[in-house]
Amino acid sequence: MIMGLTGGIASGKSTVSALFARKGAALVDADIIAREVMLPGHPVLAAAVQAFGDGILHSDGSLDRARLGEIVFRDPEALQTLNQLTHPAIRREIKEQMYVLEQENPQRLVIVDIPLLYESELDHLFEQIIVVYVPRRVQLARLMARNGLKLDQAEERLKSQMDIELKRRKADYVIDNSGDPGATEQQVASLWDKLGLI
Ligand code: ADP
């Protein structure tokens, strides 16, 4: 069984994915895949260099994320170009990994963690989606603490994301991660049982 997992930035997607993995689920992590397509030697990185010049590379050939970030932050067209280069490859790799894992063991739960699942309109890939929810104020507090940000910087990061309340309403299952870690673990365990997993 394959399930999509999403939420907002710092709502606890990694934390909840790890809890599912501990119960025996297999994980596909879109963030890791997104980094892999920008590693030296990958055709997507080569295409990005074609588009933006080799100023986006460090001298060792690896991606200078800060430099690329500066370019696309100021220029919506450049951001669109970058997304057109990266998104199809990321999508392809997500699908490949999740179907391979499902075929390897159809009984096993495969959790596919995609931070921008709804924003990227990838919800059609999944019959069932879990949203890891915390209210916006908790989300902001955890984001500030984790990334050492001030309130206005944290709010800026949330701007480009769909409202977490809307994600909660779209979800098939909600894990409320606003309590202590034990409360979250209990919800994961009860969803695990409800899905008939062993
Ligand atoms: P995401 O993967 O959605 O960005 P994380 O799993 O990294 O979110 O969690 C965001 C931050 O909040 C991390 O610093 C994490 O340790 C912390 N955190 C996650 N769940 C809880 C919780 N139930 N109580 C307190 N802190 C939490």
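None of the values given here were measured: they were computed from a predicted structure. Both ligands and their constituent atoms are indexed starting at 1 by order of listing.
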* N-O pairing of K170 and E165 below 4.0 Å ->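 Here K170 does not pair with E165 in a salt bridge, since their nearest N and O are not under 4.0 Å apart.
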Starting from [atom], which protein heavy atom do you reach first, and at what distance in Å?
atom: atom 20 (N) of ligand 1; result: N177 ND2, 2.9 Å
atom: atom 8 (O) of ligand 1; result: G12 N, 3.1 Å
atom: atom 13 (C) of ligand 1; result: R146 CD, 3.9 Å

* Asked: Among the heavy atoms of S17, does any lie under 4.0 Å from an atom of ligand 1?
  ->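 No.
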* **ligand 1 contact by G7, heavy-atom criterion under 4.0 angstrom** =>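 The answer is no: ligand 1 sits nowhere under 4.0 Å from a heavy atom of G7.
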* Which of these, V37, I33, V44, sits in a side chain to side chain contact (heavy atoms under 4.5 Å, CB included) with E93? ->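 The passing option is I33.
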* Asked: How far apart are the closest heavy atoms of Q128 and M1, and which atoms are they?
  ->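 Looks like OE1-SD, 4.0 Å.
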* **Shortest non-hydrogen contact between A25 and I111, atoms and distance** =>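 Minimum heavy-atom contact is CB-CG1, 4.0 Å.
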* Within 4.0 Å of atom 1 (P) of ligand 1 (strictly less), any protein heavy atom? ->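 Given the 4.0 Å limit, the answer for atom 1 (P) of ligand 1 is yes, a protein heavy atom qualifies.
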* **Nearest neighbour of atom 15 (C) of ligand 1 from the list D180, L5, T15, N147, on a heavy-atom basis** =>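 Looking at heavy atoms only, T15 sits closest to atom 15 (C) of ligand 1.
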* To do: Name the option, out of R142, Q139, K13, that contains the heavy atom nearest to atom 21 (C) of ligand 1.
  =>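 Answer by nearest heavy atom: R142.
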* Asked: Under 4.0 Å from any heavy atom of G179, which atoms of ligand 1 are there?
  ->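 Every atom of ligand 1 under 4.0 Å from some heavy atom of G179: 22 (C), 23 (N), 24 (N).
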* What are the atoms of ligand 1, with element, lying closer than 4.0 Å to any heavy atom of G8? ->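 In order of numbering, the contacting atoms are 3 (O).
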* **All pairs passing salt bridge (charged side-chain N to carboxylate O under 4.0 Å, His left out) where residues 50-70 contributes a residue, at least two apart** =>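 Sorted result for residues 50-70: R67-E70.
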* Say whether, by atom type as modelled, one donor and one acceptor occur between the side chain of E127 and the main chain of M3 under 3.5 angstrom. =>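 Flag not set: sc E127 to bb M3 has no pair under 3.5 Å.
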Side-chain donor-acceptor pairs under 3.5 Å in residues 83-92, sequence neighbours left out?
| residue | atom | partner | partner atom | Å |
| --- | --- | --- | --- | --- |
| N83 | OD1 | H87 | NE2 | 3.4 |
| T86 | OG1 | L82 | O | 3.0 |

